[in-house]
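Structure first, commentary second.
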Amino acid sequence: MAGKVKWVTDIEKSVLINNFEKRGWIQVAENEDWNFYWMSVQTIRNVFSVETGYRLSDDQIVNHFPNHYELTRKDLMVKNIKRYRKELEKEGSPLAEKDENGKYLYLDFVPVTYMLPADYNLFVEEFRKSPSSTWIMKPCGKAQGKGIFLINKLSQIKKWSRDSKTSSFVSQSTKEAYVISLYISNPLLIGGRKFDLRLYVLVSTYRPLRCYMYKLGFCRFCTVKYTPSTSELDNMFVHLTNVAIQKHGDDYNHIHGGKWTVSNLRLYLESTRGREVTSKLFDEIHWIIVQSLKAVAPVINNDKHCFECYGYDIIIDDRLKPWLIEVNASPSLTSSTANDRILKYNLINDTLNIAVPNGEIPDCKWNKSPPKEALGNYEILYDEELAQGDGPERELRSRTGQPLGPKGSRSRDSGRNVLTTWK
Amino acid sequence: GSWEKRILKSLNSMCTELSIPLARKRPVAEQKELLNKWNEMGTDEPDLSLFRPVYAPKDFLEVLINLRNPNYENGDSLSFRTHLGLIQVPLKVKDIPELKEFFVELGLNTGQLGIDDSTQVPPELFENEHVRIGQKGNVGSDIMLPRELHAIDIPLLQRPCPTNLTCLGECLPKVSDRLDVLYYEQLKTNVIQHDLLVDSLIYKDVKLTASNDDYYFVFEDYLYQVLLCFSRDTSVLGHFAYNSASPPKSYIRGKLGLEEYAVFYPPNGVIPFHGFSMYVAPLCFLYHEPSKLYRIFREMYVRFFFRLHSISSHPSGIVSLCLLFETLLQTYLPQLFYHLREIGAQPLRISFKWMVRAFSGYLATDQLLLLWDRILGYNSLEILAVLAAAVFAFRAVNLMEVTSLAAAEAVLADLSTLKVMPLLQIFLFATVT
């Protein structure tokens, strides 16, 4: 009998609950039989933990992969990307080609990053190479801009490490580990302000990799004018774009919330910088997202009960190069403005349409390739099965903008099933 | 004449009420401070609660509704007496056949930027089509020419800009970028040295409009930079030579009424009304350097935008646009027109604000730029009235169901999803008349 989907959530957000109710699904308690559980990252840990973990049955779906943190923890993401590059290099893949300075031509999309305290010596070596640069310290396990600070002197790091060692209540567990990354001190400014991109990416399976890009991403603007001046290093309103930070600023506007649609960004860049470079930028953004997913695909537990909607944070520098900053496993579902509410409601709606086809009781053994009509505002970003046959040679050729077809036209037809021109 | 006096009086009385001078020289310290925060004026929060916009579009509409032609009382033109709209001044406006001829390039058989570039048409095919139109280059305005040439030179899909507005710079008399910068810097110095009452009005207007706008808030600081300089730019006065309005005057303290002590106030002769900054905001998408942005905005203002808040009989003047809009609706959508009129929702009461702002703040930016591009290309604002009528036509089914002005306004509240070019085409060329 085709019954109704029974749902649970431990995140009380109206954009979720309204979507479940719209589908006529039935809310049940966590300890009852459920088909769909939209859970926090804390809960997913318990569901799949060795001690408490229990077997999910074929009609149960959850919104995280068991070890999503391979991608969504700042330190592990960097570790996996470094490993991925090395593997490609060992294989002699053309993707791993380097320039004369030893920089990867196509895989250099994460700012130079070290783990602290583990990589301290490596960091110092790098720091001394360019002592005038600014670095950003982020705790590995925290979100929303918590615990972040900027430094531009080695003494500041020494002080930090002394403080955290002597401080009796801070445990030295891995959770207190930090990553230190080279700060992008030349961000692209619009209207004099710094911003980053929040893009939503849905992964329905890692092996084979199938991922979707949400068309309606947005830029998050700082409320205060950007200045690279070191005197403002501790003014987080200048540097961090997180809404959780910015909304406490005096100039936070509750009508637009400092959010600007990606389509505005595209129009602005096409007008002021040109179409060609704008398309290249967006192609590169798609490229780095796919590469980051490919980097973690071998280590992710590709559990068939799982899907995941990630929040990608990307910063564009003033030479229009995109940088991957981090990936969030639980992108905020809080609505800061009316438009935000609509966007997030639709995001969940379109996500559910792909993860739970037709709103029917799920069968996790289905082939996970929904018809095109069901995608809503999602577009296929990469489909490993479809891309098979395209070797890395072809992938790279298109990435570097070399002619793909006759006349070198950027025909959208040949790649209809996939998003960008490089695949 | 009396409208101009009223605005000036309102400005003067605000000035007296708040005991703020119309203009004063800034003390040196203040000059320095302003110079330092030139690029972030938006972060300043002066108390502007006592300031109010001098007038809003709806006040202006009341003035236009009460316009009468004294020579036309008991006029015998039957055709005009049947005009049931709000505008009661008989002016000659185009009908659809004339508009079709005027806007012939917008026809269904011509490839259109803003329609055909977004579909799956093979790009090569469309390029050729565009080149063909480019070569036709027959629209008789002088701005059109370089623009069409541009279309020939660079195939559409490789063009650096999504709209021809970007090319406006190239259509203007050649002035070097360096001169642009010099000119702009001079105005900036003037802003730094003198404080004007209108500055607060500009500040207030930006805060009330663009700062809250989803599309334009990022450009808040650019708007101050452009608008403050604009108010000091006496070259803007030049447009009064072909504007039937006259610039407001003020008198140096103690010399009231003595013509030789009369000065134009503000120096550019333009008192900003509520929403004025929206004439600049969309251009921020196209120009990165304030000096260039400034020059393009000034050009757009003295060519077109001043007509949207000056009373004149010019075909692009606001009175003619209102009349054109009402006539189009009454003639081609009579049922809708009468229905709305019956329920007390005169269509012009809704569409007036769109036209006064040239749709800025109502349409999505890409669509708005396509529209302004056509204004430039045809050297006419009449397209605003046509689009306003086309929007009503597009929503006609829903509008026929409403029973109040508020409900009609609700139906037309969100224009941000509209596609300008198809709407115009359908209204002009695909409606059976």
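No hydrogens, no waters, no symmetry mates; every other heavy atom, side chains included, goes into these values. Residue numbering restarts at 1 for every chain, and letters A, B, ... go by the order of the sequence lines.
In this structure, A:Y268 and B:F219 have tilted ring planes: the angle between them lies in the 30° to 60° band.
Using a 4.0 Å cut-off between a side-chain N of Lys or Arg and a carboxylate O of Asp or Glu, B:D214 and A:K259 do not qualify as a salt bridge.
The heavy-atom pair separating A:G191 from B:Y222 by the smallest distance is CA-CE1, 4.2 Å. Contact record, B:S211 with A:N253: O-ND2, 3.2 Å, taken as the closest heavy-atom pair. For B:D366 against A:L267, the heavy-atom pair with the smallest separation is N-CD2, 3.5 Å.
Residue A:H256 is tested with B:Y215, B:Y216, B:F217 for a ring pair (Phe, Tyr, Trp, His ring centres under 6.0 Å); the sole match is B:F217.
Heavy-atom pairs under 4.5 Å with chain B peak, among A:I255, A:N264, A:T337, A:T278, at A:N264.
Residue A:N339 holds its CG atom at 8.0 Å from OG of B:S416, rounded to the nearest 0.5 Å.
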